[in-house]
Protein chains: 2
Amino acid sequence: MSYEVTSFIGGEFGDWNVEAFHICKGSPISEVRRLEISTAAPVSKRKVAWTLKGVESNLRYTTLREKELLQLRPSLLGKTNFTKAALIPIKKTEDWWLLAQDQRRNILEEQSRHISFGSKYLDVVSRKLFHSKDLGQAFDFITWFEFPPDGEDAFDLLVHTLRQSEEWKYVEREIDIRLSKELF
Amino acid sequence: MSYEVTSFIGGEFGDWNVEAFHICKGSPISEVRRLEISTAAPVSKRKVAWTLKGVESNLRYTTLREKELLQLRPSLLGKTNFTKAALIPIKKTEDWWLLAQDQRRNILEEQSRHISFGSKYLDVVSRKLFHSKDLGQAFDFITWFEFPPDGEDAFDLLVHTLRQSEEWKYVEREIDIRLSKELF
């Protein structure tokens, strides 16, 4: 778990082709054609529309029991047939962040089943969560998802269900960007 | 809770005079004479020995019940008779950060009484916690404490007790810097 900042760079370049761009809630960010994901310091002088940064970090809500269940089906990025992706940056409300730890856990899992419902999709949807809040970024988290072309319906059901949850009442800004990667 | 990075700047300048400097565990940082605390971007070209940065953030372990008890005795910095201070940066082990949320909570409070024992000292010791881990800093947290001159024995007992706890087995680096401020 060495420290590394991952940058999601929206613009005219990058391996991922933007297929759909949806402002779910709150202020927009500009639509872009392509997305580059980089853990290196920016060296290129290429014009970029926006850069969203995040870091992997420790678990915030997951219990040991849940962690052990999740580890049975590790979420791997870069599977060759997982050529579709989604980038979902989210900002939660001030009210959310002022809640105590047990209140946030209760809303996230006991009320919203974020961990247990999400884990049903692990075979068809890989994902990695990046934390941005302590970095002072515009969003609190960035989640990156990868899935096969025939997994997009399942992914839509996953995000649709979570968006109806109690937890999502504390989401004040959300963008949903769908992407695809060419097979070489 | 607007975003603000606080810098603890060790060197030859600043309002706080270093009285004692103790490397509790792990790699040292260089001893300095004075400490400056700043939320502004560094503009001065003054030579500094080190800068430790952190951000206030959401509660990580505190339950609603504990939060409500803590709010009965809010911890205020800058009390005029609280002319003594301690700066304690801490880094925890990789093992700690790989634990699930309920495991860390159990060690921190149920086994080590970090919150309940610490709260006994709220009238005599004010404190503020800054998070540094997601910023990629050398330490994971920085805690800043203020207390009156006759409160130093109580403060010593507080930190001595916590250092014997189960939680502290997961501390791999800790510095304890004691400071004083002149009254004007």
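To find a chain, count down the sequence lines: A is the first, B the second, and so on, and within it residues start at 1.
- When every heavy atom of A/L135 is checked against every heavy atom of B/Y3, the shortest pair comes out as C-OH, 3.2 Å.
- Near-neighbour residues of residues 142-168 of chain A relative to chain B, defined by a heavy atom under 4.5 Å from a heavy atom of that chain, are none.
- Atoms CG and CG, on A/N106 and B/L64 in that order, are 10.5 Å from each other to the nearest 0.5 Å.
- In the hydrophobic clustering of ILVMFWY residues, with side-chain heavy atoms under 4.5 Å counting as a link, A/F8 and A/V55 come out apart.
- For chain B, the nearby part of A/T62 is the backbone; its heavy atoms alone come within less than 4.5 Å.
- A single hydrophobic cluster is not seen to contain both A/F117 and A/L69; linkage of ILVMFWY side chains at heavy-atom distances under 4.5 Å, directly or through other members, places them apart.
- To the nearest 0.5 Å, atom NE2 of residue A/H131 and atom NZ of residue B/K133 are 8.0 Å apart.
- Distance check, rounded to the nearest 0.5 Å: CD of B/E66 to CD of A/Q101 gives 10.5 Å.
- Shown here is B/K120, whose NZ atom has no more than 12 heavy atoms of other residues, nucleotides or ligands within 6.0 Å.
- Without hydrogens or angle criteria, B/R104 side chain to A/L59 main chain gives a donor-acceptor distance under 3.5 Å.
- In this structure a side-chain-to-backbone donor-acceptor pair under 3.5 Å is present from B/K67 to A/L98.
- Residues A/V171 and A/I107 share a hydrophobic cluster, clusters being chains of Ile/Leu/Val/Met/Phe/Trp/Tyr side chains in contact below 4.5 Å.
- Nearest heavy-atom pair, B/S57 versus A/D134, reported as atom, atom and distance to 0.1 Å: OG-OD1, 2.7 Å.
- For the pair A/R60 and B/D102, the salt-bridge criterion is not met [side-chain N within less than 4.0 Å of a carboxylate O].
- Surrounding NZ of B/K25 are more than 12 heavy atoms belonging to other residues, nucleotides or ligands, all under 6.0 Å away.
- Cluster annotation: B/I37 and B/I177 are assigned to the same hydrophobic cluster (Ile/Leu/Val/Met/Phe/Trp/Tyr, side-chain heavy-atom contacts under 4.5 Å, transitive).
- Residue A/Y170 is grouped with residue A/I115 when hydrophobic side chains (ILVMFWY) are merged at heavy-atom distances under 4.5 angstrom, including chains of intermediate members.
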